[in-house]
There are 2 protein chains.
Amino acid sequence: MSAREVPVPAISRPTSKDVAQEAGVSQSTVSLVLGGKWSGRVSPATARSVRDAAERLGYRPNQAARNLRLGTTRTVLLMVPTLTAPFFGPVYTGAARVAARHGFGVVVSTWPDDAQGPADSPFGSDEAIDGILASSLAPDALARFRGTPAVMLDSGPDGAVPTVDFGVADGMRAIARHLAGLGHRRFGHVAAAVDQWTFRARAAALATAVAALPGGALARDSCAIDVAAAKDAAVRLLSAPHPPTVLVCDDDLIAAGAYKAARALGLDVPSELSVTGFDDVLLATALEPELTTVRLPAEELGAQGMTALLDLLAGGRPAPRVLPGELIVRDSTAPPRNRRV
Amino acid sequence: MSAREVPVPAISRPTSKDVAQEAGVSQSTVSLVLGGKWSGRVSPATARSVRDAAERLGYRPNQAARNLRLGTTRTVLLMVPTLTAPFFGPVYTGAARVAARHGFGVVVSTWPDDAQGPADSPFGSDEAIDGILASSLAPDALARFRGTPAVMLDSGPDGAVPTVDFGVADGMRAIARHLAGLGHRRFGHVAAAVDQWTFRARAAALATAVAALPGGALARDSCAIDVAAAKDAAVRLLSAPHPPTVLVCDDDLIAAGAYKAARALGLDVPSELSVTGFDDVLLATALEPELTTVRLPAEELGAQGMTALLDLLAGGRPAPRVLPGELIVRDSTAPPRNRRV
DNA sequence: CTGAAAGCGCTTACAG
DNA sequence: CTGAAAGCGCTTACAG
């Protein structure tokens with residue numbers, strides 16, 4: 001060994017060419033075999049030797065080359081309003097599970113708070129995606145993505161784009177029915193002050209249900225999806241001349257705020273005030289008393305949405321889907337009791 | 001127009017070749033200009049005309065081609081134990097924010113529950129990543145990624161891999177100090193039954209702090225990070241002959257379980273039992289009374305981790321970082337009161 | 001200051 | 001049943 005020897009080349013991953021050489025076949029054969037398109041075109045013996053060679057070398061295809069050749073990225077963008085709300089973790093999980101099964105990856109992006117320039121686009125590798133899954137977006141948030149195959153989640157029916165939604169109206173009706181059955185007539189709606197289809201649908205369903213109830217009355221106040229803001233809104237509702245006997249909340253987190261309002265006002269839940277939530281996130285069972293709410297299958301939303309998007313990408317025309325919510329009765333609802341006004 | 005005309009080609013995105021033609025220059029010039037490497041090599045006038053042409057055509061470079069040529073994917077994998085825990089949303093958010101600023105995307109993967117075969121690998125596009133950010137993992141979970149640049153988050157110091165951690169021991173000491181100052185001597189530790197560095201560090205710090213306290217006594221029970229399991233563990237601790245006057249919980253969710261145990265046993269928090277949490281997730285202020293806990297800067301963990309990984313990818317050797325937690329005193333802790341045993 | 005050419009690693013007609 | 005060749009859209013030496 002002399003000091004003059006050539007520098008060792010950097011270790012690099014084996015390519016299909018290396019596998020071909022190792023197996024003593026051509027690159028085409030390797031591609032056919034490893035791509036699963038060999039039957040009837042390559043002899044079983046050759047196929048086996050290719051597989052063995054690939055295994056020996058630890059070969060893994062270069063995705064960038066594959067993508068370039070195929071004109072696809074096998075990556076999908078999931079766009080959500082925020083990742084800090086406990087609701088979106090499961091949505092991602094469901095979407096990623098289905099995607100992985102088809103060799104797709106999922107990148108998440110949160111919708112930028114401000115309409116920043118495209119230079120500050122939420123995803124660095126701009127446009128390196130095959131499709132987009134947009135969840136719980138404001139009305140025309142999708143506008144700037146025209147051209148990219150998209151499926152909308154939890155954003156309401158749309159003529160132009162395939163959708164997957166929750167049956168929130170049914171869920172709200174189930175709450176109203178449960179409460180009416182308990183004897184409630186004076187409802188307070190602590191609504192989320194968020195311009196999304198799902199909240200408009202909840203408000204409309206509740207209003208209709210209460211209106212259909214003999215003697216039914218509904219007061220509404222709205223707030224950000226935030227414990228402190230919800231507490232304030234609930235206090236306002238409960239301080240009215242003829243206060244509601246139940247607070248129907250648009251979200252479990254808002255219900256937590258309603259609990260605080262009740263406590264501040266010296267009202268026991270549920271004997272003096274019933275409270276309901278929506279979503280059934282972890283918080284619902286962490287609260288005391290445990291919260292009556294509507295369970296929304298968030299993971300299923302992600303999974304079904306991804307299934308629809310994959311279908312769309314394959315040239316299909318997926319039908320709109322609605323996933324039913326489920327009323328979960330726990331300990332925060334009870335018959336109303338007369339209360340000093 | 002005859003019925004024989006050739007079918008219109010599918011609309012396809014413009015390439016750098018199209019831009020070159022539009023601007024009347026070569027593809028090389030386009031690449032130089034758009035890649036920002038033109039100064040001193042291309043005349044300002046030419047550069048301008050290239051930019052204009054790109055703008056007119058709405059050109060956006062094909063990432064797959066770029067990746068193939070450059071041998072990089074500009075994608076990083078964030079691996080977390082679960083996405084349903086409220087802690088990881090912010091970690092992702094912080095990581096993605098820094099990544100986007102450098103033109104990188106972030107794919108998330110949850111560590112598979114079971115050691116499934118590589119065929120069922122968590123990420124579909126196996127290996128289409130430049131690096132990996134692994135958060136809160138069990139000891140040798142990273143083993144199968146040897147070869148890929150990695151940074152470990154919240155997994156404890158490691159000789160081989162750059163790390164970013166929380167100062168959990170300091171946080172636990174701050175809790176112990178706060179409690180000791182209030183007069184507590186009999187501590188109960190509701191520990192997370194999870195084999196992660198962070199929990200071992202918390203347990204060790206608490207044990208040391210209590211041992212250093214004159215008259216200090218510590219009992220420990222452990223449970224899954226789950227409200228119901230935590231309640232059971234707390235009940236066990238509180239049913240001992242000389243029960244603790246405070247329950248130090250490894251997680252805010254566990255603290256919620258402790259609240260339930262207190263309620264079931266008829267103990268008022270904080271007058272008859274103090275409770276502390278860890279993390280400061282949303283739940284901490286949703287509970288009644290609001291929880292004294294240690295805030296862990298989760299988003300900052302993601303951001304610092306990504307910064308370290310980018311540094312590593314650029315050939316640097318990032319130093320280990322420790323992010324301090326902050327004791328947040330709320331209403332769940334008070335001086336102990338004698339209690340019938 | 002600018003262009004022609006090579007090559008990243010795949011997949012897929014096409015020829016044999 | 002198998003191989004040689006083209007080409008996806010970039011970037012970067014290299015020549016001029």
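Naming: A, B, ... by sequence-line order, numbering from 1 per chain.
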Euclidean distance, atom CH2 of residue B:W38 to atom P of C:dC1 [Å, nearest integer]:
10 Å
Quick one: side chain to side chain contact (heavy atoms under 4.5 Å, CB included) partners of A:A23, sequence neighbours excluded?
A:V25, A:S49, A:V50, A:A53
Can you tell me the distance, in whole Å, between the CG atom of A:L70 and the C1' atom of C:dT12?
10 Å
Between CD of A:Q63 and C1' of C:dT11 the distance, given in whole Å, is 13 Å
For B:V322, does its backbone N or O pair with a side-chain atom of B:D165 as donor and acceptor, under 3.5 Å?
no
Sugar-phosphate, base or nothing in reach of B:T15, heavy atoms under 4.0 Å:
sugar-phosphate
Secondary-structure stems for DNA chain C, with pairs counted as Watson-Crick or G-U when both distances are under 3.5 Å and runs at least 3 long:
C:1-3 with D:14-16, C:5-12 with D:5-12, C:14-16 with D:1-3
Between B:D158 and B:T163, does any side-chain donor sit less than 3.5 Å from a side-chain acceptor?
no
Atom CD of B:Q21: over 12 foreign heavy atoms under 6.0 Å:
no
What N/O pairs connect the protein and nucleotides 14-16 of chain C at under 3.5 Å? Give each pair on its own line.
none

Atom CG of A:L68 to atom P of C:dT12: distance rounded to whole Å?
13 Å
State the CZ-CG distance between B:R13 and B:L57, to the nearest 0.5 angstrom.
12.0 Å
Looking at A:S16, does any N or O in its side chain come under 4.0 Å of the phosphate oxygens OP1/OP2 on C:dC10?
yes
Identify, with sequence neighbours excluded, every residue that meets side chain to side chain contact (heavy atoms under 4.5 Å, CB included) alongside B:P324.
none
Is any side-chain nitrogen or oxygen of B:K37 closer than 4.0 Å to OP1 or OP2 of D:dT11?
no
Measure from CZ on A:R66 to P on D:dG9 and round the result to the nearest Å.
17 Å
Is there a side-chain polar atom (N or O) of A:S31 under 4.0 Å from OP1 or OP2 of C:dC10?
no
How would you list, by chain and number, every residue that makes a salt bridge (Lys or Arg N to Asp or Glu O under 4.0 Å) with B:R101, sequence neighbours excluded?
none
Please name all residues satisfying salt bridge (Lys or Arg N to Asp or Glu O under 4.0 Å) with B:R56, sequence neighbours left out, ordered by chain then number.
B:E22
From the options D:dT11, C:dG9, C:dC10, select the nucleotide whose nearest atom is closest to the side chain of A:P61.
C:dC10
Does any residue of residues 43-55 of chain A have a heavy atom under 4.0 Å from DNA chain D, and if so, which ones, in number order?
A:S43, A:T46
With salt bridge (Lys or Arg N to Asp or Glu O under 4.0 Å) as the rule and sequence neighbours excluded, what pairs involving residues 80-96 of chain A come up?
none
If I take atom CZ in residue B:R13 and atom P in nucleotide D:dC8, what distance separates them, rounded to the nearest angstrom?
15 Å
State which residues pass salt bridge (Lys or Arg N to Asp or Glu O under 4.0 Å) with B:R97; sequence neighbours excluded, sorted by chain then number.
B:E299
Can you sort out the partners of A:D311 under salt bridge (Lys or Arg N to Asp or Glu O under 4.0 Å), two or more places apart, ordered by chain and number?
none
In terms of side-chain heavy atoms, does A:S26 have a donor or acceptor partner in A:T29 at a distance below 3.5 Å?
yes
Once you round to the nearest 0.5 Å, how far does CZ of A:F87 lie from OG of A:S136?
5.5 Å
Check the distance between C:dG9's C1' and A:N67's CG and give it to me in whole angstrom.
11 Å
Under 3.5 Å, which donor-acceptor pairs link side chains of residues 312-321 of chain B to any protein atom two or more places apart or in another chain?
from, atom 1, to, atom 2, distance (Å)
B:R321, NE, B:Q304, OE1, 3.0
B:R321, NH2, B:Q304, OE1, 3.2

Rounded to the Å, how far apart are A:Y59 OH and C:dG9 C1'?
7 Å
Check the interface with nucleotides 3-7 of chain D: list each N/O to N/O pair with the protein under 3.5 Å, or write none.
from, atom 1, to, atom 2, distance (Å)
D:dG3, OP2, A:S26, N, 2.9
D:dG3, OP2, A:S26, OG, 3.3
D:dG3, OP2, A:T29, OG1, 3.0
D:dA4, N7, A:S28, OG, 3.4
D:dA4, N6, A:S28, OG, 2.5

